[in-house]
Amino acid sequence: MKLTKGFWQTYKEVPNDAVVPSHQLMLRAGLIHRSATGLYSDLPMGLRVLQKIEQVVRRELNRIDCYELTLPVVTSAELWKQSGRWATFGNEMLRLTDRSGREFCISPTCEEPIVALFSKTVRSYKQLPVTLYQIRTKFRDEIRPRYGVMRAREFNMKDAYSFHIDPDSLRETYQEIYQAYERIFNSLGLEFIVVEADGGTMVDGDAKTHEFQVLANSGEDRVIRCTSCGYAANIEKAKSKRSNVEFDQSQQELELVSTPGRQTIEAVGEYLKIKPECSLKSLLYSSVSGTGADATEEIALLLLLGDDELNEIKLKALLGGDHIAPLSDGAIEALGLHKGYIGPAQLPESAQSRLRVIFDIAIEKDVSYVVGANQVDYHFRGYVPTRDGEGQWADLRLARSSDRCDSCDHSVEEICGVEVGHIFELGQKYTESMGVTVLNQQGKAVNPYMGCYGLGVGRTMAAAIEQNHDQHGIIWPVEIAPYHLYFALISKSDEINQLGVEIYQQLVDAGVEVLFDDRKAGPGMKFKDADLLGLPLRLVLGERDYKESGKLELRQRKSGQSLEVSPKELLPTIKRLLGELRGE
RNA sequence: CGGAGCGUAGCGCAGUUUGGUAGCGCACCUCGUUUGGGACGAGGGGGUCGGAGGUUCAAAUCCUCUCGCUCCGACCA
């Protein structure tokens, strides 16, 4: 491509609404354009990157017998009502009504449409297993879109769905896709880890899911990883043990102590001169199931060590409701409890009968803690869970970087990642709710098993930039660079200009993807643009040097290494360097 | 949805406190000189100051409402 005929504009200044490097660089390098919050145009230069990512995805999926198709972007409410997700998806789903009042949504994901399609076309186990995928626009009306295309509302996702007659077949395909994802992200030159994750509203209960996390400081996801055995999980899901702490082993009587105005763990700890982990944090959460008149509410009193935090994802999984939220101040008072002084001991009648009490398993059962006394300005000292309390025990706490691995006892670390892929063993959730069956070998109708496998194309581009840039700009891995070579022409002589055009044409004919900077601009500007855009190689034909030595300069963006090359050696040298950069 | 902040030319910003003919840098256009790390000179185009209403002789500036955007939080495959 010749820049004199191109549609490409770069920017010297950082737009003030971009905070992470990938977003800033994508805007500055003219890859994307913001249209509205969470809505972006992919400009020609950016689109080439996205298409290259898609190419790699297609190559690896086709290789394991996945078939590409497209489903409609706008889908009927009927489908979503069948599975129940018309209600549970909530405001994240962008809904529309057509001229005759029928309801639709812009698909946030496509389990329902694919299941509907499947049910109309597959009758027999002989047609299974099968894996179908598409790469299409999805829309999720995120409460807070941010970081450019990293968390956009409209985005392009590769979503694959597999169907199976039994769980073994599902596991087999899941494994194949898992490996294909590893090949995809390796091909793209990304450093990533695979972690255990929570399935959210996608799955029922404790179904198996894995996330592919590209390591990046600006990643929104927090991952807990064992430094020894390799265990890694999203913090939402992570199980880990606390490092040893010194508890108060004395088991005195339960003693009411005055703590005037002390409402926080910190304030109480300071006042009574105890460490935060020697008190118990009492949280009240409401879990609601169903909607409208059918809604049922359960209220839970959660006890955690004073310096631990609640993992709401774990809590939600435990309570099983559709929606959980901290109890409002008003609702707390209505139970006869007082914020800042809530505790598990001597609960008022009004609360006792309504509360489900749950202790976090990190709490030692036979040591003494300070807890709220359910009276304003008082706490209890000497609360011993097994002696004074009654309730369920469960894993509720949020893992921390100071923890130890649950299985091998080594220390864990917390790292940040960008979730570029997420794969799920869905099981029969959708085929059951939507009443889909196939005939098995015995001629009996059974609900097939499903898996689904997402991969964010735009997010992968952003993650690649997060991981590959420096102060001057992007440094594209060869596989996804919009072009291979930035060819800057620095000359005002017709003869050299003509030579530049010829070299450009030869390279293009030989299959090199060349961005030819034939603009009438100074060398400084061309070099700055080349660094900003970050193509793997930069070729310079300069009048001064060429007339002197008959050579061009070929420079690698990543290493900064450069070579003097004659026109004759050019093509083989470029091919060799690109091969090296690909790791061949 | 709660908290904070911002809307002035394509981008980055000043001007708003104290009302008085809308500015600067970059980018863009023309001519000339330049050509190895964002060149220089001269000339030029572009904004009903987010929108509506109000106060005033006079509003980017003061008041009311409204829309949009960003950040933090809550929420959320």
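Protein chains get the first letters and strands the later ones, always in sequence-line order, with residue 1 at the start of each.
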Taking B:U30 as the reference, what is the distance to B:C72 when you measure between their C1' atoms (whole Å, please)? 49 Å
Write down the partner of B:G38 under the Watson-Crick or G-U wobble criteria, each distance required to be under 3.5 Å. none
Worked check of salt bridge (Lys or Arg N to Asp or Glu O under 4.0 Å) between A:Lys281 and A:Asp308: CA-CA 8 Å; A:Lys281 182 182 277 187; A:Asp308 268 339; over 6 Å; no
At under 4.0 Å, does any side-chain N or O of A:Thr37 touch on OP1 or OP2 of B:G68? no
When we call it a touch if two heavy atoms are under 4.0 Å apart, what does A:Val540 touch: a base, just sugar-phosphate, or nothing? base
Ignoring hydrogens and angles, state whether a donor on the side chain of A:Arg85 or A:Tyr430 is under 3.5 Å from an acceptor on the partner side chain. yes
Could you work out which one of B:G36, B:C76, B:A74 sits closest to the side chain of A:Phe527? B:G36
Heavy atoms, side chains only, cut-off 4.5 Å: are A:Pro145 and A:Tyr40 in contact? no
From B:C72, B:C1, B:U70, nucleotide with atom closest to A:Tyr147 side chain: B:C72
Given the rule in the salt bridge (Lys or Arg N to Asp or Glu O under 4.0 Å) test, do A:Arg557 and A:Asp470 qualify, once you have shown the distances and angles that lead to the verdict? CA-CA 10 Å; A:Arg557 173 68 176 87; A:Asp470 63 15; 2.8 Å; yes
Examine the base of B:G36 for any acceptor or donor lying under 3.5 Å from a partner atom in the side chain of A:Glu543, and report the outcome as yes or no. no
What nitrogen or oxygen pairs link the protein and nucleotides 22-30 of chain B at under 3.5 Å?
from, atom 1, to, atom 2, distance (Å)
B:G25, N2, A:Glu13, OE2, 2.7

Counting only Watson-Crick or G-U wobble pairs whose two distances fall under 3.5 Å, which nucleotide matches B:U61? none
Would you tell me whether A:Glu236 and A:Asn311 have side-chain atoms, one donor and one acceptor, within less than 3.5 Å of each other? no
The test is side chain to side chain contact (heavy atoms under 4.5 Å, CB included); show your working for A:Arg146 and A:His23 and say whether it passes. CA-CA 9 Å; A:Arg146 64 188 123 176; A:His23 189 199; over 6 Å; no
How many whole angstroms separate atom CD of A:Glu92 from atom C1' of B:C75? 9 Å
Between B:U34 and B:A42, how far is it from one C1' atom to the other, in whole Å? 15 Å
A:Leu25 and A:Leu532, any side-chain heavy atoms less than 4.5 Å apart: yes
In the structure shown, which nucleotide is the Watson-Crick or G-U wobble counterpart of B:G7, with both distances under 3.5 Å? B:C67
From NZ of A:Lys138 over to C1' of B:C76, roughly how many Å is that when rounded to an integer? 18 Å
Please work out if A:Met157 contacts a base, only the sugar-phosphate, or nothing of the nucleic acid, heavy-atom cut-off 4.0 Å. base
Using a heavy-atom cut-off of under 4.0 Å over every strand shown, decide if A:Ala521 touches base, sugar-phosphate, or nothing. base
Roughly, in whole Å, what's the span from CD in A:Glu309 to C1' in B:G73? 13 Å
Whole-angstrom distance between B:C13 and B:A60, as gauged at atom C1': 15 Å
C1'-based separation of B:C65 from B:G25 [nearest Å]: 35 Å
Aromatic ring proximity A:Tyr174/A:Phe424, centre distance under 6.0 Å: no
Whole-Å gap separating C1' (B:C76) and CZ (A:Arg153): 14 Å
So what does A:Glu211 hit on the nucleic acid, given a heavy-atom distance under 4.0 Å: a base, only sugar-phosphate, or nothing? nothing
Using Watson-Crick or G-U wobble geometry with both distances below 3.5 Å, tell me the partner of B:A22, or none. none
Does B:G47 pair with anything, Watson-Crick or G-U wobble, both distances under 3.5 Å, and if so, with which nucleotide? none
What integer number of Å spans the P atoms of B:C67 and B:U56? 27 Å
Take the protein atom NZ of A:Lys492 and the nucleotide atom P of B:A39, then report the distance between them rounded to whole Å. 15 Å
For B:U17, give its Watson-Crick or G-U wobble partner with both distances under 3.5 Å, or none. none
Which whole number of Å gives the distance between the P atom of B:A22 and that of B:A9? 15 Å
Is it true that a side-chain atom of A:Lys158 and a backbone atom of A:Val57 form a donor plus acceptor pair closer than 3.5 Å? no
Measure the spacing between CG of A:Asp141 and OG1 of A:Thr37 and express it to the nearest 0.5 Å. 10.5 Å
Between the protein and nucleotides 6-8 of chain B, list every N/O to N/O distance that falls short of 3.5 Å.
none

Please examine the side chains of A:Ser83 and A:Phe89, heavy atoms only from C-beta on, and report whether any two atoms are closer than 4.5 Å. no
Among residues 26-35 of chain A, which contact RNA chain B at a heavy-atom distance under 4.0 Å? A:Arg28, A:Arg34
Modelled atom types, side-chain donor and acceptor of A:Asn156 and A:Glu54, under 3.5 Å: yes
Pairwise P distance, B:A59 and B:G19 [rounded to whole Å]: 13 Å
Go nucleotide by nucleotide along RNA chain B from the 5' end; which of A:Pro15 and A:Arg544 gets its closest nucleotide reached first? A:Pro15
Starting at CG of A:Asp141 and ending at P of B:C76, how long is that distance when rounded to a whole Å? 15 Å
Between B:C62 and B:U18, how many Å separate the two C1' atoms, rounded to a whole number? 11 Å
Is any side-chain heavy atom of A:Leu552 less than 4.5 Å from a side-chain heavy atom of A:Ile503? yes
If we call it a pair only when both distances are under 3.5 Å in a Watson-Crick or G-U wobble match, what pairs with B:C1? B:G73
Does A:Arg144 make a side-chain N or O approach to OP1 or OP2 of B:G73 shorter than 4.0 Å? yes
Ignoring hydrogens and angles, does a donor from either the side chain of A:Arg146 or the base of B:G73 sit under 3.5 Å from an acceptor on the other? no
Would you check if there is a donor-acceptor pair between the side chains of A:Ser22 and A:Glu466 at a distance under 3.5 Å? yes
